[in-house]
Structure formats: structure tokens, C-alpha cells
Amino acid sequence: MQAEHAFESPAVAIERFVSASRQPVLMEAGEDPLPITAETFKIERRGATVRIECWNETRNLVRRVRLVKLDQPGRLELEIERFGGRVGTLSLVDLANPHNRDQGRRGSRLKYRERFRRALARQFPDWRVAELSTEPDLHHSLSPSYPRAFLRKGSMGIAAIGAAEDASDADGALSFGLIWLDYLRHRETRISTGGLAIFLPAGSESTTCHRIRYLSEDAARFSVFVHSGTHEDAVDPGDYTNFDTRLDPFSDPLANFSPDSFVWFDRILAMPDVARRDRADGSVSFAVHGLEFARTSGHDLLFGIDHKHACGGERHLQEIEGIARELTRMRSADASDRMNPLYTRQPEAWLEAQVRARLDSIDASLALRPVYGQVPQFAAGERGIVDLLAVSMTGRLAVIEVKATQDIHLPLQALDYWMRVKWHLDRGEFAGRGYFPGVPLSSEPPRLVLVAPALEYHPTNEILLRYFSREVEVERFGVGLNWRHDLRVMFRRARA
């Protein structure tokens with residue numbers, strides 16, 4: 001409590017806070033915020049007792065206030081007494097205060113935390129909830145977006161994590177759940193924490209269940225529950241076998257080219273640092289260090305960085321060459337202005353271009369050609385990492401995931417792509433649809449190759465990889481920080 005208000009009674013503190021607030025709400029864990037207005041809020045004094053009441057069309061809250069726990073700009077926390085004499089906390093928050101921009105989100109998390117507590121009691125009635133938290137723990141990479149719990153029964157333990165219906169990324173719960181499980185195993189050395197329970201909104205569980213199918217049963221036991229409203233149901237990850245993926249037939253990129261097209265085609269490729277990328281649909285992309293500036297399907301030539309325009313003749317060809325020259329100057333490893341947007345843009349695409357050009361420096365067992373990008377494709381749309389598909393000299397596929405910056409979710413996102421490649425491989429679709437012509441593909445599960453700057457692997461990436469099934473053969477390659485200039489492998493580590 002601030003010193004100038006230290007001797008105020010709770011009633012005076014509440015009245016002062018409400019009158020000074022532009023958008024006051026009342027927040028209690030497990031409930032939606034209640035807006036405070038002159039028509040929906042009142043304070044009653046009965047001797048030394050202070051009682052507040054707040055209501056809306058669907059709910060009425062009455063609490064006895066014991067004392068003020070915290071008084072700061074935009075926030076007043078009260079210790080209250082619920083019916084039955086139980087002590088709790090009630091917060092008055094001014095949502096118009098800049099410090100409270102995330103309070104609505106925090107209130108939603110607290111609401112789901114209490115629902116999560118009740119779900120744990122229903123699904124694990126013989127276990128005690130020893131710990132339940134939505135507080136951030138940056139040191140151990142534990143997110144406040146997912147409530148986490150520790151359940152105990154004698155010398156046994158279970159880690160649990162949940163995602164609310166309005167969670168921005170329900171798929172992220174598994175990453176943080178594995179981090180939480182691993183943390184508890186190291187902290188609670190006298191407890192055998194053998195499993196992880198994951199609670200997800202109904203309809204969002206597919207990705208998590210697919211991933212769990214390729215996690216090690218020896219490393220942990222996994223259970224998944226989907227919730228809707230006030231109930232939840234257990235689901236079996238083994239029932240999830242259909243992927244949101246497609247493998248388009250690969251078309252010869254030059255088959256549709258007219259004779260006249262090759263004139264400007266060769267002219268563009270002759271520009272310094274311009275690279276050609278053949279796409280499965282038969283189109284060809286032109287890029288400088290991963291940043292596309294032109295694309296053609298053989299007849300029409302489109303150019304531009306943010307917006308594509310149709311090329312209409314020599315004047316536009318000169319403009320395209322000008323764009324390529326400017327990209328070469330601004331997007332150079334030796335560029336003087338490294339804050340320029342053309343330099344900083346799409347770092348994954350730049351690193352991917354370096355990997356393509358120097359694939360043998362990453363792994364000499366991989367064939368330099370062909371290397372495909374973004375096949376198979378996710379039906380759900382774009383992803384945050386770059387996917388490459390290569391093949392070894394012995395015909396074994398290699399899924400290459402490229403990431404230029406730290407990402408907690410890198411291992412599981414890479415697993416998403418690996419699963420789909422394996423699914424199409426098992427069905428013989430790569431050869432049947434024109435990929436890797438003349439190469440007898442091995443039926444072995446693909447290798448999973450992660451490539452990132454050596455210092456940009458998130459510390460938790462290795463933790464997540466320890467829980468992968470042995471069927472998923474993973475190697476991490478760490479490249480030097482100066483990878484734009486010289487792609488040099490600093491370390492190569494297979495999963496322990």
C-alpha cells in the first residue's frame with residue numbers, strides 16, 4: 001500500500017479508487033470481470049464491517065472486505081471473506097490505465113485456472129493438487145498462457161497443463177507441458193513424476209495428438225483431455241491418423257516455357273546473387289539471398305517484393321534488373337546498413353538459401369540436387385519455419401528445418417513436418433508424383449535435420465528432443481553467427 005494511503009479504511013480506499021478510475025472492473029479468480037458503474041456497484045458499512053456488492057444481468061457478487069492488500073495506480077487488491085469464512089482475494093482494476101493492458105487476458109487466464117482445477121479434481125479424484133499456477137517463470141521458460149499443475153499421490157506425481165478456449169496457440173501447450181514435466185522431475189527428486197496430462201479445447205487437439213504418437217512411451221505417459229463448457233473427455237492420440245497435408249504433383253518448371261521466355265529467363269539469372277527456385281506447380285521463383293523479387297510460370301512474368309506486377313516489356317525488364325541490383329547491394333553480408341529492412345527481412349529465407357547453396361557443408365551425405373521447399377504443404381497455411389526436403393546418396397529422405405532465431409517450439413514444429421513426409425513416403429507418393437526422379441527412395445523413416453545459428457537454439461530445445469521416439473532420428477547443426485558471409489558448422493549433435 002502506498003504510504004499516503006496507509007491509514008485509509010478499506011471503504012475509503014475503494015471509493016477513492018473507483019472515483020479516480022475511468023474503466024474500473026472487479027476481478028475474481030475463476031470469474032469474468034464485472035464492470036463497476038454507479039448503477040451496478042455499492043459499498044455498505046456496518047460498524048467496522050465493509051461489504052461490497054457488484055452485479056450485472058447474469059451474476060451478483062457480494063463480498064466482505066477484510067483489508068487492503070495492495071494499493072497502486074490502476075489496481076487495488078482486497079483481502080475478502082467469502083461465504084463460509086474462506087479468505088480470498090478480489091481485485092479492482094482500471095482497464096484504462098496503461099499498466100493494465102494485459103489485465104483482461106490475465107483475468108481470462110485466472111478464470112480458466114479455476115476451471116482447470118475443477119477438471120483435475122474430476123479426472124484425478126484420488127490425487128491431490130499440490131501446485132497450480134499461471135504465473136510466468138522466465139528462468140525455467142514456463143509460460144503464463146497455460147495453467148500448469150502438479151498432482152501427487154504418495155510418492156507418485158503427474159504433471160498437467162491446460163489451454164483455455166481463447167488460447168492464442170493451443171498447440172503450444174505440449175511444448176510447455178514437456179518443459180514443466182522435465183522441471184518437476186528435476187525439482188521433485190523423491191517423487192516419481194511419470195506422466196503428463198494435457199487439457200485442450202475441443203477441436204484443437206489434433207496436432208497435439210499427432211505429435212504424442214511420435215513421443216517416447218518410455219520417456220513419459222501421456223493423456224489428453226478435450227474440454228467444452230464445464231466438462232471434459234479423454235481422447236486416445238492413437239485415433240488421430242489423418243493429416244491436414246497435401247503433396248501436389250511436381251511439374252517440370254520449363255515445360256510450359258515459350259522460346260521467347262528463355263531470353264529474359266537467362267537474363268535475370270545472369271544477375272549477381274540471383275538464385276532460381278523451382279516450385280511444384282511448375283513456376284520458377286527468382287530471389288536474392290532468399291528474398292523473392294520475381295516469379296514466372298513460363299508465359300507471364302510477375303515482379304515486385306511486397307506486391308507483384310506483370311512485366312510488360314523491356315522497360316519492366318530493366319526495372320526488374322534494377323530491383324535485383326538493389327537487393328544485391330542492400331542484402332549483402334558486407335552491407336554497411338544492417339538495420340535496413342531489406343537486410344533484416346526474412347532471415348530464415350536467407351539462411352535457407354545459404355543451406356541450399358552449401359548443403360554439402362552441412363552434411364556431405366546429402367545430394368546437392370534436387371532439394372524441394374515446402375513440400376508436402378500444410379493445408380492449414382503458412383508456418384513459422386522453413387522446410388526443405390533432401391535425399392541422401394543412399395536414397396533416404398532428410399527433412400531439414402531452418403530457423404534463424406530462438407524458438408521454443410522448433411522441435412515439435414519440425415516433428416509436424418517430419419510426420420507428414422513419413423506419411424507420404426509410406427504411401428509411395430513422392431516417386432509417384434514426380435519427386436526425386438531417378439532416385440530409388442529408401443523406405444526408412446526420414447532423418448530430421450535442424451539447422452540454426454549455434455547460439456540461437458533455445459535452451460529447452462534439447463529437453464523437448466529427449467522425449468522424441470527413437471523412430472525419429474534427429475540431428476542438430478549449429479552454424480556460426482556469421483552465416484550470411486560464411487556458412488560454417490560449429491557443432492553437430494545427434495539426439496541423446
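All values derive from a computational prediction rather than experimental measurement. Because only heavy atoms are used, hydrogens play no part in the values below, and waters and symmetry mates are left out as well, while side chains stay in.
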Sequence neighbours left out, what passes side chain to side chain donor-acceptor pair (under 3.5 Å) with R295? Give chain and number order. E292
Salt bridge check: are K308 and D300 linked by an N-O gap of less than 4.0 Å? no
Quick test of your reading of the model: are R221 and E217 salt-bridged, counting only N-O distances below 4.0 Å? no
Sort and list the pairs that fulfil side-chain hydrogen bond (donor to acceptor under 3.5 Å, both in side chains) and have at least one residue in residues 18-27, not counting sequence neighbours. none
Check R466 with D182, please: is the shortest side-chain N to carboxylate O separation under 4.0 Å? yes
Under 30°, 30 to 60°, or over 60°: which ring-plane class applies to Y343 and W350, parallel, tilted or perpendicular? perpendicular
Any ion pair linking K42 and E44 (charged N to carboxylate O, less than 4.0 Å)? yes
Has R152 got its NZ or CZ under 6.0 Å from the middle of the six-membered ring of W127, at an angle within 45 degrees of the ring axis? no
Would you sort out whether H227 and E165 count as a side chain to side chain donor-acceptor pair (under 3.5 Å), showing the intermediate values? CA-CA 8 Å; H227 58 79; E165 281 85 352; 3.1 Å; yes
So, the side chain of Q374 versus the backbone of L388: is there a donor-acceptor pair under 3.5 Å, distance only? no
Salt-bridged, E79 to K69, with N to O below 4.0 Å? no
Before accepting this row, confirm whether a basic side-chain N of the pair R75/D94 lies closer than 4.0 Å to the acidic partner's carboxylate O. no
Within-4.5 Å side-chain heavy-atom neighbours: L450 and I400: no
Residues passing the side chain to side chain donor-acceptor pair (under 3.5 Å) test with R185, sequence neighbours excluded, are Y467
I'd like to know if the side chain of E462 pairs up with that of Y457 as donor and acceptor (distance under 3.5 Å, no hydrogens or angles considered). no
Looking at E53 and R63, is any side-chain nitrogen of the basic one under 4.0 Å from a carboxylate oxygen of the acidic one? no
Would you verify whether the NZ or CZ of R493 falls within 45 degrees of the ring axis of F491 while also being under 6.0 Å from that six-membered ring's centre? yes
Between the side chain of T37 and the main-chain N/O of T40, is any donor-acceptor distance below 3.5 Å? yes
Looking at E348 and K403, does any basic side-chain N land under 4.0 Å from a carboxylate oxygen? yes
For H140 and D137, test the side chains for any donor-to-acceptor distance below 3.5 angstrom and give the result as yes or no. yes
Can you confirm whether the side chains of Q123 and E232 place a donor and an acceptor under 3.5 Å from each other? yes
Should the pair H316 and F303 be assigned to parallel (<30°), tilted (30 to 60°) or perpendicular (>60°) ring geometry? tilted
Heavy-atom distance under 4.5 Å between the side chains of L412 and L174, does that happen here? yes
Evaluate the side-chain proximity of M419 to Y214: yes if any heavy-atom separation is below 4.5 Å, no if none is. yes
With a 4.5 Å heavy-atom cut-off, do M27 and V25 have their side chains touching? yes
